[in-house]
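A short write-up of the structure that comes next.
If you read the sequence from its start, that first residue is 1, and numbering goes on from there. Nothing here was measured: the structure is a model prediction, and the numbers come from that model.
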Amino acid sequence: RFAKAHAWRIVFAVVFISVLAGTPAVLLHRYQYWFFFGLALGATAGMLGYWVVVYSGSAHAVMGDIGEQWTQQALHPLRKRGWKIIHRVLLRKTEDIDSVAIGPAGVVVVETKWSSDSWDSRTRRQRLDEAAAAASDNARRLWLVLRSSHPEVSVRAVVALWPSDDAFKPRQIAGVDVMPGLTLRDWLLELPAGQLSPERVDAVWSDLSAHLDARDKAGLDVDRSPPKSAEDLFDDVVQHVGGALTGALVVAWLTSRMWFLGMLAAVPLAATWAAARQVRPLRRVATGALLSTVFVGSLFAALVAIAYLHAWLW
């Protein structure tokens with residue numbers, strides 16, 4: 001399922017890495033260019049990766065997103081047991097419900113939390129309380145949405161903790177069940193069945209889906225664009241950086257063949273990248289290539305001008 005969902009990203013990564021690894025050896029025949037370009041490329045990639053992940057605080061967001069994927073994997077087999085699963089339910093503009101399960105035992109709101117520390121530690125107690133409060137609040141909001149068309153439906157709240165630690169004993173906090181993520185599926189299957197018939201499960205799922213579609217459309221009409229997910233942000237970074245390295249590589253190769261060729265070619269190259277930005281699939285790559293081409297071309301022109309000025313004065 002992961003390979004199907006991320007096939008194009010995998011292909012892009014393989015092609016990108018192959019180009020970076022093979023181009024210096026093929027195009028830059030002089031060993032000194034090979035060595036220094038590889039050194040600069042590795043240092044730049046490492047610096048950008050470290051800066052993006054650490055200083056942006058995205059490491060925690062990425063792991064939180066992975067925790068939600070683990071919850072989705074745990075809930076997926078329930079579909080064969082008559083359950084309907086909806087992920088990332090947006091009832092409010094700025095906050096969403098991680099997962100909603102609708103099945104024979106009723107409606108269950110699932111809140112996912114990830115931590116690098118043990119959930120049994122004292123420092124995690126406040127986070128558990130906050131997670132339970134958030135799950136309870138989400139359950140109440142979902143019940144308010146469903147009560148007009150399905151007043152008999154009750155909504156329960158549960159918190160799934162990742163990484164799943166068997167040493168953490170399932171418990172209730174303010175009426176909300178809190179448990180390791182790997183026990184979530186068994187807990188749902190052990191809930192008393194018979195609260196919703198298969199027909200009622202389909203009806204609740206259809207009504208909630210219709211409400212979310214209307215909510216999403218209203219939000220998009222106001223905002224004009226949906227909020228970016230972690231995958232979208234990852235794509236932005238990878239494609240912009242990939243385009244920037246591609247543009248810099250092209251200018252560096254032309255310059256290594258003939259010094260003034262790089263400066264002369266920078267203008268048509270920049271125009272080409274600017275035109276490529278009009279093609280939607282290439283927009284982010286072309287933007288990175290355009291910026292790097294202008295930067296490298298301008299930098300090289302400035303260095304040449306300084307060298308000529310130095311020779312003329314001295």
Side-chain angles (χ1 to χ4, degrees), residues 1-2 5 64-92 95-114 119 128 130-165 168 170-216 229-230:
R1 290 197 300 271
F2 177 84
D65 187 69
I66 292 176
E68 292 183 14
Q69 294 181 29
W70 287 342
T71 297
Q72 294 173 16
Q73 293 176 2
L75 295 176
H76 184 77
L78 294 176
R79 300 178 189 272
K80 297 180 180 179
R81 303 291 188 93
W83 287 78
K84 301 285 187 180
I85 312 297
I86 306 178
H87 302 295
R88 292 183 176 177
V89 177
L90 188 64
L91 296 181
R92 287 182 286 186
E95 298 180 16
D96 64 348
I97 301 175
D98 294 335
S99 300
V100 174
I102 306 170
V107 180
V108 180
V109 168
V110 183
E111 179 78 9
T112 299
K113 290 298 177 184
W114 177 89
W119 286 107
L128 291 176
E130 293 174 352
S136 178
D137 184 57
N138 287 333
R140 183 183 64 84
R141 291 181 178 274
L142 183 59
W143 176 77
L144 292 175
V145 171
L146 297 175
R147 68 173 181 174
S148 59
S149 54
H150 305 280
E152 79 285 359
V153 172
S154 60
V155 181
R156 302 185 60 163
V158 61
V159 177
L161 303 178
W162 299 99
S164 184
D165 185 4
F168 182 87
R171 64 196 67 173
Q172 278 201 345
I173 300 177
V176 176
D177 292 280
V178 182
M179 64 192 66
L182 290 179
T183 65
L184 175 62
R185 183 168 60 221
D186 293 336
W187 178 82
L188 287 170
L189 292 175
E190 292 173 359
L191 292 177
Q195 296 190 31
L196 292 178
S197 64
E199 293 77 13
R200 297 297 294 170
V201 170
D202 291 338
V204 174
W205 178 78
S206 298
D207 290 345
L208 180 57
S209 298
H211 175 83
L212 295 177
D213 290 341
R215 175 69 176 82
D216 290 344
S229 64

Audit row: His150, Arg200, side chain to side chain contact (heavy atoms under 4.5 Å, CB included) steps and yes/no = CA-CA 9 Å; His150 305 280; Arg200 297 297 294 170; 2.9 Å; yes
task = Grab the two heavy atoms, one from Pro77 and one from Gln73, that are nearest each other, plus how far apart they are.
result = CD-O, 3.2 Å
remark   = Separation between NE2 (His76) and CZ (Arg79), nearest 0.5 Å, reads 6.0 Å
task = Locate the shortest heavy-atom distance separating Ile97 from Val110; write the atom from each residue and the value.
result = CG2-O, 4.3 Å
query = How many angstroms lie between CZ in Arg156 and CG in Leu142, if you round to the nearest 0.5 Å?
reply = 14.5 Å
Val178 side chain near Val158 side chain, heavy-atom distance below 4.5 Å = no
message = Would you say the ring centers of Trp70 and Trp162 fall short of 6.0 Å from each other?
response = yes
note = All heavy atoms of Val201 vs all of Gly82, minimum pair found to be CG1-O, 3.8 Å
message = Looking at Trp205, I want to see if its CH2 is surrounded by more than 12 non-hydrogen atoms of other residues, nucleotides or ligands under 6.0 Å.
response = no
Output a table of donor-acceptor pairs, distance under 3.5 Å, between side-chain atoms of residues 98-105 and any protein atom two or more places apart or on a different chain; print 'none' if there are none.
unit_1 : atom_1 : unit_2 : atom_2 : d
Asp98  : OD2    : Thr112 : N      : 2.7
Ser99  : OG     : His87  : ND1    : 2.9

query = Can you tell if the side chain of Trp187 reaches within under 4.5 Å of the side chain of Pro170, non-hydrogen atoms only?
reply = no
Side-chain donor/acceptor pairs under 3.5 Å, residues 130-137, sequence neighbours excluded:
unit_1 : atom_1 : unit_2 : atom_2 : d
Glu130 : OE2    : Gln126 : NE2    : 3.2
Asp137 : OD1    : Arg140 : NH2    : 3.3
Asp137 : OD2    : Arg92  : NH2    : 3.2
Asp137 : OD2    : Arg141 : NE     : 3.3

query = Quick one: salt bridge (charged side-chain N to carboxylate O under 4.0 Å, His left out) partners of Arg185, sequence neighbours excluded?
reply = none
query = For Met179 and Leu161, what are the C-alpha separation, side-chain angles and deciding distance, and is it a side chain to side chain contact (heavy atoms under 4.5 Å, CB included)?
reply = CA-CA 6 Å; Met179 64 192 66; Leu161 303 178; over 6 Å; no
Heavy-atom closest pair, residues Ala139 and Val109 = CA-CG2, 3.9 Å
query = What's the spacing between Leu128 CG and Phe168 CZ if we round to 0.5 Å?
reply = 5.0 Å
request  = Working to the nearest 0.5 Å, report the span between OG1 of Thr183 and CG of Leu188.
outcome  = 9.5 Å
inquiry  = If you compare all heavy atoms of Trp83 against all heavy atoms of Leu189, which two are closest, and at what distance to 0.1 Å?
reply    = NE1-CD2, 4.5 Å
Side chain proximity check, Val204 to Val107, heavy atoms < 4.5 angstrom = yes
remark   = Of all heavy-atom pairs linking Ile86 and Ser209, the shortest is CD1-OG, 4.0 Å
